[in-house]
Amino acid sequence: MASPRTITIVALSVALGLFFVFMGTIKLTPRLSRDAYNEMKRAYKSYVRALPMLKKMGVSSILLRKSIGALEVACGIVMTLVPGRPKDVANFLLLLLVLAVLFFHQLVGDPLKRYAHALVFGILLTCRLLIARQPEEQPPEKRMLSVNGDEQPLISEAAPEKGKVKVS
């Protein structure tokens, strides 16, 4: 049976992965929601206007939106389908991306309701990463000592707890 830690990591990975695939797809194409796609286009134009440094580097609002969307889709697929270390890398990249998006929202002065989802999913990504990076708890093994063919617990484990009397 899977441990609660494993179930939590899998559930968070799938939920977060699907969310970021969905959000990335909205940034890339109007097929899912034309209104949301148009809102993303407008938002990214304001982000680039607020950061003239991006314009100087040759980053347009279209390039910024599509690169962030593609990264969200790619990391979301990894979070949903790929096992092992790549999930943690995707988790970390998405966390950096969420922090950048929160920075953009603050930069243009958006109200909290416009970026509350980014805050919540940033917290969920942080929790998933912290849980995944903790070592799995192993039950203590009883070490046995073979004496004259009989297996007996080691002396330190066979001794009664301090302050208690062992009655045979």
Side-chain angles (χ1 to χ4, degrees), residues 1-140:
M1 185 169 131
S3 70
R5 176 184 175 274
T6 304
I7 293 169
T8 303
I9 291 171
V10 169
L12 278 172
S13 296
V14 170
L16 289 166
L18 291 175
F19 171 78
F20 281 103
V21 166
F22 176 73
M23 291 305 292
T25 304
I26 286 176
K27 289 177 178 80
L28 295 173
T29 180
R31 287 189 179 145
L32 293 179
S33 171
R34 183 163 299 282
D35 292 338
Y37 176 77
N38 290 332
E39 180 59 30
M40 290 290 177
K41 283 173 55 175
R42 186 206 59 77
Y44 278 85
K45 283 179 185 174
S46 68
Y47 300 156
V48 170
R49 264 187 261 120
L51 272 175
M53 172 182 65
L54 290 176
K55 269 281 201 235
K56 289 178 185 174
M57 292 172 32
V59 177
S60 67
S61 65
I62 296 169
L63 179 63
L64 182 65
R65 177 177 44 86
K66 290 194 180 216
S67 59
I68 288 177
L71 188 61
E72 284 180 348
V73 169
C75 289
I77 289 170
V78 170
M79 290 273 298
T80 305
L81 301 175
V82 179
R85 179 71 65 164
K87 252 187 222 281
D88 293 342
V89 173
N91 191 147
F92 184 72
L93 289 174
L94 286 171
L95 189 56
L96 291 177
L97 201 59
V98 165
L99 291 173
V101 168
L102 288 171
F103 171 74
F104 287 146
H105 282 290
Q106 284 296 307
L107 190 66
V108 298
D110 283 340
L112 178 63
K113 70 178 186 175
R114 296 234 341 126
Y115 62 90
H117 70 282
L119 274 174
V120 170
F121 283 95
I123 292 168
L124 288 173
L125 284 166
T126 303
C127 289
R128 191 227 162 262
L129 194 59
L130 290 174
I131 293 168
R133 300 308 309 150
Q134 286 182 342
E136 185 89 31
E137 280 189 26
Q138 299 292 328

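What you see below is based on every heavy atom in this structure, not just the backbone, and it leaves out hydrogens, waters and symmetry mates.
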Just by distance, do the side chain of K87 and the backbone of M79 share a donor-acceptor pair under 3.5 Å? yes
Quick one: does any side-chain atom of T29 pair with a main-chain N or O of T25 as donor and acceptor, under 3.5 Å? no
I131 CD1: over 12 foreign heavy atoms closer than 6.0 Å: yes
Smallest heavy-atom separation, V108 atom then A50 atom, equals CG1-CB, 3.7 Å
What are the two closest non-hydrogen atoms of C75 and A90, and how far apart are they? O-CB, 3.7 Å
Distance-only criterion, 3.5 Å: show the donor-acceptor pairs between side-chain atoms of residues 36-43 and protein atoms not counting sequence neighbours.
{"residue": "N38", "atom": "ND2", "partner": "R34", "partner atom": "O", "Å": "3.2"}
{"residue": "E39", "atom": "OE2", "partner": "R42", "partner atom": "NE", "Å": "3.3"}
{"residue": "E39", "atom": "OE2", "partner": "R42", "partner atom": "NH2", "Å": "2.6"}
{"residue": "E39", "atom": "OE2", "partner": "R114", "partner atom": "NH1", "Å": "2.8"}
{"residue": "E39", "atom": "OE2", "partner": "R114", "partner atom": "NH2", "Å": "3.1"}

Does any part of the side chain of [Y], heavy atoms only, come nearer than 4.5 Å to the side chain of [X], both counted from C-beta?
{"X": "V78", "Y": "V89", "value": "no"}
{"X": "L64", "Y": "F104", "value": "yes"}
{"X": "Y115", "Y": "L102", "value": "yes"}

After noting the C-alpha distance and the side-chain angles of C127 and I123, does the key distance pass the side chain to side chain contact (heavy atoms under 4.5 Å, CB included) rule? CA-CA 6 Å; C127 289; I123 292 168; 4.2 Å; yes
Audit row: D88, R128, side chain to side chain contact (heavy atoms under 4.5 Å, CB included) steps and yes/no: CA-CA 9 Å; D88 293 342; R128 191 227 162 262; 3.0 Å; yes
State the [atom1]-[atom2] distance between [X] and [Y], to the nearest 0.5 angstrom.
{"X": "L107", "Y": "S46", "atom1": "CG", "atom2": "OG", "value": "9.0 Å"}
{"X": "I77", "Y": "L18", "atom1": "CD1", "atom2": "CG", "value": "10.0 Å"}
{"X": "R65", "Y": "I26", "atom1": "CZ", "atom2": "CD1", "value": "12.0 Å"}
{"X": "T126", "Y": "L94", "atom1": "OG1", "atom2": "CG", "value": "11.0 Å"}
{"X": "L97", "Y": "M23", "atom1": "CG", "atom2": "CE", "value": "11.0 Å"}
{"X": "I62", "Y": "K45", "atom1": "CD1", "atom2": "NZ", "value": "7.0 Å"}

If a pair satisfies ring pair (Phe, Tyr, Trp, His ring centres under 6.0 Å) and one of its residues is in residues 11-30, list it, with sequence neighbours excluded. F19-F121
Evaluation steps, side chain to side chain contact (heavy atoms under 4.5 Å, CB included), between L51 and F103: CA-CA 11 Å; L51 272 175; F103 171 74; 4.0 Å; yes
Starting from the C-alpha separation in whole Å, work towards a yes-or-no answer on side chain to side chain contact (heavy atoms under 4.5 Å, CB included) for L125 and L129. CA-CA 6 Å; L125 284 166; L129 194 59; over 6 Å; no
